[in-house]
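A short worksheet on the structure shown next.
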Amino acid sequence: MSIRLFNTLTREIEDFQPTDPHRVRMYTCGPTVYNYAHIGNFRAYVFEDLLQRHLEFRGFTIDRVMNLTDVDDKTIRGCRHAGVPLGEFTREYKQAFFQDLDALRIKRAAHYPEATASDHITRMIEMISDLVKKGHAYRAEDGSVYFRIRTFPNYGKLAHFNLDELQPSGRVASDEYEKEQIGDFALWKAWDEADGDVFWESPWGRGRPGWHIECSAMATAILGASLDIHCGGEDNIFPHHEAEIAQSESVTGAPFVRYWLHCKHLLVDGRKMAKSEGNFFTLRDLQAKGWTGREVRYVLLSVKYREQLNFTFESLEAARKSLARFDEWSRRLQETASTTPEPLPETLDPERFGAALDDDLNISAALGALFELIRESNRLLDAGQLTPGQARSLLAWRERIDSVLNFSADDEGVPAEVQALVDQRTAARANKEWALSDVLRDQILALGWQVKDTKDGQKVSRKG
RNA sequence: GGUGGAAUAGCCAAGUGGUAAGGCACAGCUCUGCAAAAGCUGGAAACGCAGGUUCGAUUCCCGCUUCCACCUCCA
């Protein structure tokens, strides 16, 4: 069974066939490093992580690129406000970004090119020069260079926009009177005073690259003229990805991307996330409230990428409980398993999980299959009907699907201080000193750990 | 104004032209010194509203309502 993905370009679910049968060239639009990324940004990155991991699960090798936009209006404004050089300003947010990726258990891309790297600036200038030479771009009076969209008949094809119907939304300052056509977009932005010392020399004078050209330059430099997959948030469809197609194909003459995948935005409490609404969260905000990256990952992952995801604190609570169920099931299997795998009972269906993900990454259905399998195997464990060999096979299956989900609990050692109290409590309980037992339980709780009295003695874990 | 997406139990969320996966919450049971935890079990008399097509629609079509998104640098 092949993998089916929804292609924004055709608006259809298509069988996925990379150019090279085994290697997938994948480009994912990354962050602009002027601030800490918010959970909406991370929904996109978690979706891309799921895509990469499932493709790997199915045997593909993924060569993935994610760019870091470290020069644009916001980064320049930010560094000037902070009174530090651009590179210094963005460095902090780059580091924070990678910390957040780790917390969310997002697999690293193979490449994280930075827009300001000199090789990339050089390539952008070369591409723009080529576009000017071919008549696809022109230099305006102030030294900015624009792409001439009427030279690219397919412009608007990805977004399915009719150019004649495009209307300025008023969101963007329309001070670019020098453009031939309203839809022409900047390839190179001429320096002005607000840019301070941020500029590069070019054939058109001092300036800096436009946003769109950065992705085209870095994607084609690293992955070649044609990519298999290009992802981003739905807001990137227009104009960003539309512009990337126009630039890239006008330079290379080759189809830029075969499969375009876009994830929907998330809402918070049913509303658009916005600072002015007071429902705007970075990962750090949630961590400060005691939520772990694993829990946030679960929430961001658990809804299909083509549906809006309604983020709530109730959903975080549910994620915590669901993960606890997964952890407990894993622990029970571990206790039962032998070393020799045996065929699974017929009531367990290990194929549904992957099959659901093959179907345009239907993660909800995949998780449904996982939890049904958990319930059924718990039932068998309760009845003593799951053999140690079958438990071993289930653990092996668990490892496989966890290569996609990455839900496993961190192995966290119990501090000696806590362990000492637990040992005392074990002794107290052996003597039926219940009052002492309860006091010790409270002391352990005060240290941030909790004990559960099971048939097999005390189990200690981090207080949820 | 243009274009696109969505409305399923208290909450989140799959799915199908023939009477609804899963998770959380809730209730019961088991376990237990107590508690907690864990496991199991249970539950929607029709899936936004009003029509139409059909033997039959939540699933197809029309209209309406509400929400969301994009319309030139917001994932």
A:N310 vs B:C12: side-chain N/O to OP1/OP2 distance below 4.0 Å
yes

For A:H265 and B:A75, are the ring centres under 5.5 Å apart with planes inclined under 30°?
yes

Which residue lies more 5' along RNA chain B, comparing A:H38 with A:I237 via nearest heavy atoms:
A:I237

When rounded to the nearest Å, what value does the distance between C1' atoms of B:C24 and B:G63 take?
37 Å

For A:F407 together with A:Y298, are the ring centres under 6.0 Å from each other?
yes

Across all strands shown, which nucleotide pairs with B:U59 by Watson-Crick or G-U wobble geometry, both distances under 3.5 Å?
none

Within less than 4.0 Å of OP1 or OP2 of B:C68, is there a side-chain N or O belonging to A:R271?
yes

In whole angstroms, the gap separating P of B:C68 from CG of A:N279 amounts to 11 Å

Taking only nitrogen or oxygen atoms into account, show me every contact under 3.5 Å that the protein makes with nucleotides 16-22 of chain B, one pair per line with its distance.
| from | atom 1 | to | atom 2 | distance (Å) |
| --- | --- | --- | --- | --- |
| B:A21 | O2' | A:E372 | OE2 | 2.3 |
| B:A21 | N1 | A:S364 | O | 3.2 |
| B:G22 | OP1 | A:R375 | NH2 | 2.9 |

If you take the centroid of each ring, where Trp contributes its six-membered ring, are A:F281 and A:Y36 closer together than 6.0 Å?
no

For B:G15, does either OP1 or OP2 sit under 4.0 Å from a side-chain N or O belonging to A:K304?
yes

Going by the rule salt bridge (charged side-chain N to carboxylate O under 4.0 Å, His left out), which residues pair with A:R139 if we only count those two or more places apart in sequence or in a different chain?
none

